[in-house]
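Reading through the structure tokens given below for one structure.
Just so we're on the same page: letters track the sequence lines, and every chain starts at 1. Model, not experiment: these values are computed from the prediction. All heavy atoms count here, side chains included; hydrogens, waters and symmetry mates do not.
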2 protein chains.
Amino acid sequence: MFSKTCEYAIRAVIFIAQQTREGGRVSIKDVARGINSPEHFIAKILQELSRKGLVQSAKGPTGGFYLDHASLQQSLADFVRAIDGDRVFSGCGLGLKQCSESHPCPIHHQFKSIRNQLMVMLESTQIGGFTRELEAKMAFLKQ
Amino acid sequence: MFSKTCEYAIRAVIFIAQQTREGGRVSIKDVARGINSPEHFIAKILQELSRKGLVQSAKGPTGGFYLDHASLQQSLADFVRAIDGDRVFSGCGLGLKQCSESHPCPIHHQFKSIRNQLMVMLESTQIGGFTRELEAKMAFLKQ
DNA sequence: AAAATAAAAGAGTTTTTTGTCTTTTATTGC
DNA sequence: GCAATAAAAGACAAAAAACTCTTTTATTTT
Ligand code: FES
Ligand code: FES
């Protein structure tokens, strides 16, 4: 569904949101540990998200990653788009070069419906909204 | 969503179903042309599906691929499972090693709902059911 | 200013996926 | 039996995705 990169990205950002809910920063090392991902790999990913302004970072001691007010309110869809592009939201389920109403593949209508529901779900969920569940250990970011 | 291999596979099998609706066989060359896929690649894929009994084939002149009564009734889900395994149907949306009700990722509930709808859709659609739309040029297997 | 810290950047490597080419095997029609 | 046809099989090759390692840059603390 999503690329591994994208899965790590979302887990990482949710983790950062939780860890920094009352200010502070969190280091790459801690993120990697917190979501059980390869450290250098998640570093690259966060670097990219940082360039795109979807996460904030600071160098040096006391540095690390955090989310500003705007980032906390970004939807999951924004992060998916930043990493995987919009093929998830608009790509053809059977791999036609382009999904089209007027030149549809055989499963277009059914597929589109599900794809849209996925999109609505991702658009309406903001990255900062999972803190409570994580605190209550009703949701997890690693095995 | 699906691997390229799986996308080609489904398009190929739908094509075979259509082309052989009144008996006959269809060659790899024709399949490749019909769905606009690399010829040798789709050959490999059909070989695999043939081994698993999801499509039928015959060598030699008058040979080619076709679908027996049972294969025509297989669901899209059966083909997806044969190629991509069941990660589509039961994998965690955020890449946790295993999707679990008791150790869920933050988007488990929402994701599961969509994943299930996808599954129901794929389970309830049989590969042989697209002939009419294709004939009427209301659906297409290539650009 | 120097040392320590932590992200940024860049240059790999490995693995998986996707795609190609060649040879072999089976079947048919003559 | 022989030539032609078409899939099966196997070995490669290219591209993309996933992952690693090393060096640089910015910041803070002492
Ligand atoms: S054309 Fe295939 S999903 Fe729209
Ligand atoms: S645990 Fe992530 S989808 Fe079920």
Task: Salt-bridge criterion met for B:Arg132 and B:Glu135 (N-O under 4.0 Å) - done: no

TODO: Considering only NZ, NE, NH1 and NH2 on the basic side and carboxylate oxygens on the acidic side, decide whether B:Asp84 and B:Arg81 come within less than 4.0 Å.
DONE: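 A salt bridge is absent here (no side-chain N lies under 4.0 Å from a carboxylate O).
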
Can you sort out which residues in [range] have a heavy atom within less than 4.0 Å of DNA chain C? Ascending by number, please.
{"range": "residues 33-41 of chain B", "result": "B:Pro38, B:His40, B:Phe41"}
{"range": "residues 2-32 of chain B", "result": "B:Ser3, B:Lys4, B:Thr5, B:Tyr8"}
{"range": "residues 85-97 of chain B", "result": "none"}

TODO: Sequence neighbours left out, what passes ring-ring contact (aromatic ring centres under 6.0 Å, His included) with B:Phe140? Give chain and number order.
DONE: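 Counting only residues at least two positions away or on another chain, B:Phe140 forms a ring-ring contact (aromatic ring centres under 6.0 Å, His included) with A:His103.
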
Task: Set of ring-ring contact (aromatic ring centres under 6.0 Å, His included) partners for B:Phe65, sequence neighbours left out - done: none

- [ ] Name all residues meeting the side-chain hydrogen bond (donor to acceptor under 3.5 Å, both in side chains) criterion together with A:Lys142; count only those two or more places apart in sequence or in a different chain, and write none if there are none.
- [x] none

Measure from the side-chain N and O atoms of [X] to the backbone N and O of [Y], and report whether any donor-acceptor pair falls under 3.5 Å.
{"X": "A:Ser75", "Y": "A:Asp78", "answer": "yes"}
{"X": "A:Arg115", "Y": "A:Gly91", "answer": "yes"}
{"X": "A:Arg11", "Y": "A:Leu141", "answer": "yes"}
{"X": "A:Ser124", "Y": "A:Met121", "answer": "yes"}

Can you give the donor-acceptor pairs under 3.5 Å from side chains of residues 51-61 of chain B to other protein atoms, not counting sequence neighbours?
residue	atom	partner	partner atom	Å
B:Arg51	NH2	B:Glu48	OE1	3.0
B:Lys52	NZ	B:Glu48	OE2	3.3
B:Lys52	NZ	B:Ala82	O	2.8
B:Gln56	OE1	B:Asp68	N	2.9
B:Gln56	OE1	B:Ser71	OG	2.9
B:Gln56	NE2	B:Gly53	O	3.3
B:Gln56	NE2	B:Asp68	OD2	3.4
B:Gln56	NE2	B:Ser71	OG	3.3

Tell me every residue that passes salt bridge (charged side-chain N to carboxylate O under 4.0 Å, His left out) with [X], counting only those two or more places apart in sequence or in another chain.
{"X": "B:Glu39", "value": "none"}
{"X": "B:Lys112", "value": "B:Glu101"}
{"X": "A:Asp30", "value": "A:Arg33"}

Task: Test: B:Lys4 cationic atom under 6.0 Å from B:Tyr8 six-membered ring centre, within 45° of axis - done: yes

- [ ] Mind checking the CG-NE2 spacing from B:Leu94 to B:His108? Nearest 0.5 Å is all I need.
- [x]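 Interatomic distance, B:Leu94 CG to B:His108 NE2, rounded to 0.5 Å: 11.5 Å.
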
TODO: Heavy atoms of chain A, cut-off under 4.0 Å: which first and last nucleotide of DNA chain D, 5' to 3', fall inside that, if you could look?
DONE: D:dA18 to D:dT29

- [ ] Strictly below 4.0 Å, heavy-atom distances to any atom of DNA chain D: list the hits from residues 45-70 of chain A, or just say none.
- [x]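 Those residues whose heavy atoms fall under 4.0 Å from DNA chain D, taken from residues 45-70 of chain A in numerical order, are A:Lys59, A:Gly60, A:Pro61, A:Thr62.
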
